[in-house]
S.K.: 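Sharing a structure, written as structure tokens. Questions coming.
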Amino acid sequence: AHSFYLPGVAPRDFQVGDPLQVKVNKLSSTKTQLPYDYYFLKYCKPQKIINSAENLGEVLRGDRIENSVYTFKMREERICQVGCRQKLDAEAAKNFKEMIDDEYRVNMILDNLPVAVIRQRRDGHAKVYEHGYRVGFKGKYSGTNEEKYFIHNHLSFKVMYHKDLETDVARIVGFEVTPHSVAHEYKEWKDQDTQVVTCTKNIAQSGTPPQEVDTDKEVVFTYDVTFEKSDIKWASRWDTYLLMNDDQIHWFSIINSLMIVLFLSGMVAMIMMRTLYRDIANYNQLETQDEAQEETGWKLVHGDVFRPPLNSSLLCVYVGTGVQIFAMTLVTMMFALLGFLSPSNRGGLMTAMVLLWVFMGLFGGYSSARLYKMFKGTEWKKNTLKTAFMFPGILFSIFFVLNALIWGEKSSGAVPFGTMLALMLLWFGISVPLVFVGSYLGFKKPPMEDPVKTNKIPRQIPEQAWYMKPIFSILIGGILPFGAVFIELFFILTSIWLNQFYYIFGFLFIVFVILIITCAEITIVLCYFQLCSEDYHWWWRSYLTAGSSALYLFLYSIFYFFTKLEITKLVSGILYFGYMLIGSYAFFVLTGTIGFYACFWFVRKIYSSVKID
């Protein structure tokens, strides 16, 4: 499976003595969810800070990749290199303390591999990586009760390389760091050539006191580099990062979802076979006039079932948007399955989603216009404008508010003004015109014909039983689709909010297929019961039945927030709920559309198979 491991990332071969440059990425914390630039803290700066090329996804995620003072040569070990010394003023000390309080981690990159800290697993056999090392820690000196802050100012890097047997070149396959806090001492300062007295080969056991963070303290930053030969091939160097702790859970979740699907499919099949065949056979035998007067069940409403709903143009807009989201999700997953969007392609997933969303406007406009024409709508341009602006507009305004909040916190996660403009350009320059093109094509085609004629006068709907009331049946409908994706959702949330990689798109794709089937089937079942009780308002109901699973998604995200995350800051909480709101809204539109189309197909199918005088 590694043959198509990472398109676009070629392996780099290093000779002995080739220069290696460690790049620094953002400081990140799962407690605040606000990334910061590495140089926001008073770390050693190179003469000139160069920001590496970034794609759209990286900017949106808050990645800032810059050069650093940590440079060394391939396969030449270094002991105790001096980076620089920094005198901490009140501001710098305060920043360091806050970052240590919020458990910030420093992310570095060497040859496109993120730096890792080894954490022992509880069962002790495999090594698990944590991303980045902690800025520092809190502790007490023995005999005192006062808590002090200590900074990790000495880094022991370990670079693993895989050597080519014929030639002497090697490829980097691992990059680990062990951070230490050491209060360094030196006789005289000569910049990079300073002899630091406190540096020994094994710094962890040397017994030097740790480096405290406080105003007017001087911190000397140092580092070691060791190189280690490794059997890991270049193609599988990401495997330790992507080690999913437990595959069983995923299989369990998929089997659990398949059970739901089988149960529902059984019900659908039963309805189709038993009831419908019996119904249709009965309806088609009622030749005599007297019997025909006493029709029952779903055939009764044949004259009203295709009556356009209230707010029909809004329904068209939402269905069009849903098709757009569906197409985007499907194509993104295809790319992900082919290995194009692996975590080593930083920002690839975000970039792909934004671009695909923009280009799928064509399908959105087309399906919206087809439906609108079927409802005998006349103002197709107005409908198209709504399709082009409604969903992205709501998304953009929430995003804008959240971005302003991040910006207020001086975090590097804030999307710069230029990128905002680029997003607007994508939206207005590509997405909107494509929606119009799609609409034009959809509106030019002849409208879909209804299988039965609609009566002039709407018939009365009888009093419904409590369990057939719209609210109840809509809320019931959302439980099963949510149940089908619920466990996979946990992993997705964990990878977004707890800073872990998500690379199990195979599982995700299976779950997505299961979600589509579940949404379709539950809607068909509930729609059939609704028509049997002579209630023909199925258009919106079918959309909301499947779409209500988004409500459960949002409720689950609230539960997740209080049980799994340690977010204490108000801004971070608002961010979390803002993004989860955007996610749930998109999920609502997606599932609603799936449910609507399933129900639409079903209703057309059953009414076209009965003879109606």
Side-chain angles (χ1 to χ4, degrees), residues 26-36 60-62 98-105 107 130-132 134 244-246 249-250 252-253 256-257 325 329 343 349-350 353 394-415 475 478-502 504 507-508 511 515 547-591:
K26 58 190 174 189
L27 307 167
S28 59
S29 150
T30 54
K31 273 180 84 164
T32 66
Q33 301 293 344
L34 293 164
Y36 280 91
L60 293 179
R61 280 178 36 185
E98 281 178 4
M99 292 282 184
I100 293 171
D101 264 332
D102 286 332
E103 296 172 17
Y104 269 85
R105 291 179 168 277
N107 296 295
E130 285 186 344
H131 303 300
R134 286 268 182 87
M244 277 310 299
N245 293 334
D246 22 14
I249 296 189
H250 291 274
F252 171 73
S253 98
N256 160 37
S257 315
I325 294 179
T329 314
L349 187 66
M350 279 288 259
M353 282 175 77
I394 293 174
L395 234 63
F396 211 78
S397 30
I398 300 178
F399 182 64
F400 197 78
V401 172
L402 294 180
N403 202 47
L405 286 173
I406 304 178
W407 196 70
E409 291 287 321
K410 300 195 179 51
S411 157
S412 74
V415 175
L475 287 177
I479 292 176
L480 286 173
F482 171 72
V485 297
F486 151 76
I487 295 181
E488 205 55 37
L489 191 69
F490 170 79
F491 288 102
I492 294 172
L493 287 182
T494 303
S495 74
I496 296 174
W497 300 112
L498 293 180
N499 222 349
Q500 293 169 6
F501 287 123
Y502 187 85
I504 24 179
F507 282 120
L508 188 61
V511 171
L515 173 72
S548 67
S549 54
L551 175 68
Y552 296 103
L553 176 75
F554 192 69
L555 292 174
Y556 177 69
S557 72
I558 296 176
F559 167 77
Y560 184 86
F561 180 83
F562 287 112
T563 55
K564 289 280 180 283
L565 298 180
E566 303 170 347
I567 291 179
T568 42
K569 270 184 140 167
L570 178 66
V571 174
S572 311
I574 295 174
L575 271 187
Y576 173 83
F577 285 113
Y579 284 127
M580 288 318 291
L581 190 68
I582 289 181
S584 305
Y585 182 45
F587 192 73
F588 163 74
V589 178
L590 172 72
T591 49

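Worth knowing before you read on, the calculation uses all heavy atoms, side chains too, and leaves out hydrogens, waters and symmetry mates. It should be emphasised that the depicted structure is a prediction, and the values quoted were computed from it without experimental measurement.
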S.K.: Report yes if some heavy atom in the side chain of Tyr552 is under 4.5 Å from a heavy atom in the side chain of Leu475; otherwise report no.
M.R.: yes

S.K.: From Ser29 OG over to Ile567 CD1, what is the distance, rounded to the nearest 0.5 angstrom?
M.R.: 8.5 Å

S.K.: Return yes if a side-chain donor-acceptor contact under 3.5 Å exists between Tyr560 and Thr494, otherwise no.
M.R.: yes

S.K.: Taking all non-hydrogen atoms of both residues into account, name the closest pair between Ser412 and Gly62 and its distance.
M.R.: OG-O, 3.3 Å

S.K.: Do the non-hydrogen side-chain atoms of Phe554 and Leu581 ever get within less than 4.5 Å of each other?
M.R.: yes

S.K.: Mind checking the CZ-CD1 spacing from Phe507 to Ile492? Nearest 0.5 Å is all I need.
M.R.: 12.5 Å

S.K.: Using a 4.5 Å cut-off on heavy atoms from C-beta on, say whether the side chain of Asp101 contacts that of Lys31.
M.R.: no

S.K.: Using side-chain contact (heavy atoms from CB on, under 4.5 Å), reason through Phe587 and Phe482 one step at a time and then give a plain yes or no.
M.R.: CA-CA 10 Å; Phe587 192 73; Phe482 171 72; 5.8 Å; no

S.K.: Any chance you could lay out the side-chain contact (heavy atoms from CB on, under 4.5 Å) test for Ile487 and Phe491, step after step, and finish with the verdict?
M.R.: CA-CA 7 Å; Ile487 295 181; Phe491 288 102; 4.1 Å; yes

S.K.: Side-chain contact test, heavy atoms from C-beta onward, threshold under 4.5 Å: evaluate it for Thr30 versus Glu566 and give yes or no.
M.R.: no

S.K.: Looking only at heavy atoms, which two atoms of Ser549 and Gly478 are closest? And how far apart?
M.R.: CB-O, 3.3 Å

S.K.: Do Leu498 and Leu565 come within less than 4.5 Å of each other through their side chains, counting heavy atoms only?
M.R.: yes

S.K.: Heavy atoms only: give me the nearest Ser411-Tyr36 pair and the separation to one decimal.
M.R.: CA-CE2, 3.7 Å

S.K.: Can you tell me how far apart OH (Tyr579) and CG (Leu402) are? Round to the nearest 0.5 Å.
M.R.: 5.5 Å

S.K.: Using atom types as modelled and distance alone, determine if a side-chain donor or acceptor of Asn403 lies under 3.5 Å from a backbone N or O of Val415.
M.R.: yes

S.K.: Which distance, rounded to the nearest 0.5 Å, do you find between the CD1 of Ile325 and the CE of Met353?
M.R.: 9.5 Å

S.K.: Angle between ring planes, Tyr556 versus Phe486, binned at 30° and 60°: parallel, tilted or perpendicular?
M.R.: perpendicular

S.K.: Could you give the distance from CG (Leu34) to NZ (Lys26), rounded to the nearest 0.5 Å?
M.R.: 11.0 Å

S.K.: Give the minimum heavy-atom separation between Gly132 and Arg105, together with the two atoms involved.
M.R.: O-NH1, 2.7 Å

S.K.: Given side-chain contact (heavy atoms from CB on, under 4.5 Å), test Leu60 with Phe399 step by step and report yes or no.
M.R.: CA-CA 11 Å; Leu60 293 179; Phe399 182 64; 4.3 Å; yes

S.K.: Distance from His131 atom NE2 to Asn499 atom CG, nearest 0.5 Å?
M.R.: 6.0 Å

S.K.: Show, in sequence, the C-alpha distance, side-chain angles and deciding distance for Ser28 and Asn107, and conclude whether the side-chain contact (heavy atoms from CB on, under 4.5 Å) test is met.
M.R.: CA-CA 8 Å; Ser28 59; Asn107 296 295; 3.0 Å; yes

S.K.: Report yes or no: do Asp102 and Thr32 form a side-chain donor-acceptor pair below 3.5 Å?
M.R.: no

S.K.: Counting the benzene-type ring for Trp, do Phe561 and Phe577 have ring centres under 6.0 Å apart?
M.R.: yes

S.K.: Could you check whether any side-chain heavy atom of Ile574 comes within less than 4.5 Å of a side-chain heavy atom of Val401, counting everything from C-beta outward?
M.R.: no

